[in-house]
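Below, read A as the first sequence line, B as the second, and so on, with proteins coming before strands; counting in each chain starts at 1. Only a predicted model underlies this, so the values are computations on that prediction, with no experimental measurement involved.
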2 protein chains.
Amino acid sequence: MNSEPDWDLYRSFAAVLREGSLSGAARSLGLTQPSVARHVDALEAAIGTTLFLRTQRGLSPTDAALRLKPHVEALVATSAALLRAAADHAGQVRGTVRISASEVVGVEHLPPILAELRRRHPALGIELVLSNSIDDLLGRQADIAIRMVEPVQQALVTRKVGAVEVGLHARRDYLDRCGVPETMEALAGYDLIGFDAETPAIRAMAGRYPMLRRRLFALCADSDLAQLAAIRAGFGIGFCQVQVARRSPELVRVLEHDCAIELGLWIVMHEDLRASASCRAAFDALAAGLGAIARG
Amino acid sequence: MNSEPDWDLYRSFAAVLREGSLSGAARSLGLTQPSVARHVDALEAAIGTTLFLRTQRGLSPTDAALRLKPHVEALVATSAALLRAAADHAGQVRGTVRISASEVVGVEHLPPILAELRRRHPALGIELVLSNSIDDLLGRQADIAIRMVEPVQQALVTRKVGAVEVGLHARRDYLDRCGVPETMEALAGYDLIGFDAETPAIRAMAGRYPMLRRRLFALCADSDLAQLAAIRAGFGIGFCQVQVARRSPELVRVLEHDCAIELGLWIVMHEDLRASASCRAAFDALAAGLGAIARG
DNA sequence: GTTCTGCTATACGGAAATAGATGAACTCGG
DNA sequence: CCGAGTTCATCTATTTCCGTATAGCAGAAC
């Protein structure tokens, strides 16, 4: 435990964590199994900790290895971001841009925007990371993120492109069958579709509409796509963006005047990427496309 | 430009960027100059871009290299964070914790807190990063940060420990000489000490007190320490935390009822570090110490 | 002008890491 | 019960990489 380990050891360590075995890691890295084994040994010697328990069925990480896991994953993500940036030659729009968005935005809003972006820049590859829970810019897992909360960090380039309105919706035949709720309190008698996890947006919503307690929900799903699908399937009443619901003629908004949540829509990018022509092009395309959606 | 470059090449690249020469980089890495030269050549070949212009007086980075600079700096910071985490053995409070804070917090509030923390955990090293401008957690430049704005990211562990009040202060003899301002508008006739750059906190302040336009400031300084020093030197009237000013008997608050800014005080940590005994100990010590300060 | 110090580029021998092959242990499925 | 398919560990030949030494060049000090 003296000098800094070679960074290559980290890469092998990450591969072993990811693949679960020396052989698998070697395959994924294009190395041979003994090489990866020596890397792991060297890293363990360097930091003075056992990282894996060797079994005949693979290597199982120790607690110490699990503690280090987020860090090497950050290294992996950062080196990937570096390679993306390196592919961005001299102001040309080419290479690959990674975009992070919530599932429903990625599925409902982005496809036409990205198609248009691709048509204008045929050499630009696009990677889409859909997740509702992860802060993708923190670990450089994405170059550009679409957010529903205002970013406060200075190291980020942000642009507010408008707002989306979230309201309660249900399928028409469900309302025909069960009736249309007239008050928020009456919702307790319906099949409500709601969230499971805690995110800032959900906490804010729960604060505004205390009658929507979690145990009232007939179906809890973290995935907003699953919620949307449940609404479309006629399961019951749930939240969804009015811009999305408007496209489905069978969906009807309920309690429009009692329950309306306006969520801002921000596009966020690392300040470092401002010089990248590819990221700027994607950023501007997202701003234009999402702005048009927000305006209706 | 086929397969991924060795990560060691990134390390050498970062060192050359930092040191400005192959020889300097080699010294700082404990390698020799030809090795680093080979690394740079290999990296240039791998990404297909010239990274440095070779001169007799060192290597000067090209635009491409400057674009990649933030990324390799993130790699450096992350690998350092990984090493810190690796030194954290089995729940013991030892190793090193990096704490980021604003200058005035680091100078005025933290020293006794850190001294107490160190007394209780003699094996724990502390690194203090004082900066007013950088988002240190983004690039893992710090393990724990003290913030004046509420963090919104889910991947962070945050605790609000109270609030500090910021008000206008001046030295007693300055007020004796120039008189005590009775209204906010009257401030225009005094020697005002203010900010130069734009931070969220400053923007909020400027919004609340529009009469404090930037061109009114007789002395602009980004460093809040410099502002505090100017106030203490009797330069004029400026902003400073009341908890700080209270310790200097020669400082007097002015316009107490007309100008009072309450800033929340949050301690923020990466979620990944929750398992680290060292970071937890530091986090708790900061929460206790700053909480006591916020309460007066 | 000379010398000294900094830098990069190149050539070459040796050490170190790598690939490849082999063996042993274990799991799974018929 | 046994064979196919994993896995990791060990050994050796080879390739790769690193360090030493040297040359060449530019600027600063004397």
Side-chain angles (χ1 to χ4, degrees), chain A residues 1-47 49-66 69 72 75 79, chain B residues 1-66 68-69 72 75 79:
Chain A
M1 180 160 153
N2 30 23
S3 65
E4 189 187 358
D6 280 353
W7 285 10
D8 285 329
L9 306 187
Y10 296 147
R11 183 167 57 169
S12 295
F13 173 53
V16 174
L17 271 177
R18 174 164 30 90
E19 304 288 338
S21 76
L22 294 179
S23 315
R27 272 191 299 274
S28 113
L29 292 174
L31 298 178
T32 55
Q33 173 256 327
S35 298
V36 180
R38 269 186 318 92
H39 287 178
V40 172
D41 291 345
L43 184 58
E44 288 182 332
I47 67 177
T49 313
T50 302
L51 293 172
F52 294 98
L53 299 175
R54 274 78 169 169
T55 75
Q56 275 75 11
R57 169 160 86 263
L59 270 66
S60 83
T62 63
D63 287 352
L66 292 177
K69 189 176 179 185
V72 291
L75 283 177
S79 77
Chain B
M1 180 161 154
N2 29 24
S3 65
E4 189 187 357
D6 280 353
W7 285 10
D8 284 329
L9 305 187
Y10 297 146
R11 183 167 56 170
S12 294
F13 173 53
V16 174
L17 271 177
R18 175 163 28 93
E19 304 289 337
S21 75
L22 295 178
S23 314
R27 274 192 298 274
S28 109
L29 292 173
L31 298 178
T32 56
Q33 173 257 324
S35 298
V36 180
R38 275 189 292 261
H39 287 176
V40 172
D41 291 343
L43 185 58
E44 287 182 332
I47 66 177
T49 314
T50 302
L51 293 172
F52 295 98
L53 299 175
R54 275 76 168 171
T55 74
Q56 276 79 8
R57 178 160 77 263
L59 271 66
S60 83
T62 63
D63 286 352
L66 292 178
L68 299 185
K69 189 176 180 185
V72 290
L75 283 177
S79 78

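Across every non-hydrogen atom of Leu31(B) and His39(B), the tightest pair is CD1-CE1, 4.0 Å. Considering every non-hydrogen atom in both Ala46(B) and Pro5(B), the closest pair reads CB-CG, 3.9 Å. Heavy atoms only, all atoms of each residue included: Thr62(B) and Phe52(B) are closest at CG2-N, 3.9 Å.
Asp6(B) places its CG atom 14 Å from the C1' atom of dT15(D), with the value rounded to the nearest Å. As rounded to whole Å, 14 Å separates atom C1' of dA16(C) from atom CG of Leu9(A). Nucleotide dG6(C) holds its P atom 14 Å from the CD atom of Glu19(B), rounded to whole Å. We find that CG of Leu59(B) is positioned 9 Å from C1' of dC7(C), with the value rounded to whole Å. Atom CG in Leu22(B) sits about 10 Å away from atom P in dC7(C), given to the nearest Å. The CD-P distance, from Gln33(A) to dT22(C), rounds to 15 Å in whole Å. In this structure, the CG atom of Leu53(A) is 15 Å from the C1' atom of dT7(D), given to the nearest Å. As a whole-Å value, the separation of Phe52(B) CZ from dC7(C) P is 15 Å.
An OP1 or OP2 oxygen of dC7(C) is reached within less than 4.0 angstrom by a side-chain nitrogen or oxygen of Arg27(B). At least one side-chain nitrogen or oxygen of Arg38(A) sits closer than 4.0 Å to the OP1 or OP2 atom of dT18(C). Contact check, Ser35(B) against dC17(D): no side-chain N or O comes under 4.0 Å of OP1 or OP2. Within the structure, every side-chain polar atom (N or O) of His39(B) is placed at least 4.0 Å from both OP1 and OP2 of dC17(D).
A salt bridge does not link Arg38(A) to Asp41(A): none of the charged nitrogens lies less than 4.0 Å from a carboxylate oxygen. Using a cut-off of 4.0 Å between Lys/Arg side-chain N and Asp/Glu carboxylate O, Glu4(B) and Arg11(A) are scored as salt-bridged.
One end of the helix from dG1(C)-dC30(D) to dG30(C)-dC1(D) points its axis 30° away from the other end's axis, with each axis taken from 5 pairs and the angle rounded to 10°.
Of all nucleotides listed (dA9(D), dA19(C), dT8(C)), dA19(C) comes nearest to the side chain of Leu31(A).
In terms of modelled atom types and a separation under 3.5 Å, the side chain of Ser23(A) and the main chain of Ser21(A) share no donor-acceptor contact. Remark: side-chain polar atoms of Gln33(A) are not paired, donor with acceptor, to backbone N or O of Leu22(A) under 3.5 angstrom.
No contact: Gly24(A) has no heavy atom under 4.0 Å from any strand. Backbone-only engagement by Ser21(A) is indicated by non-hydrogen atom pairs under 4.0 Å involving sugar-phosphate atoms exclusively.
Along DNA chain D, the nucleotide nearest to Pro34(A) and the one nearest to Gly58(A) differ in position, and the one closer to the 5' end is contacted by Gly58(A).
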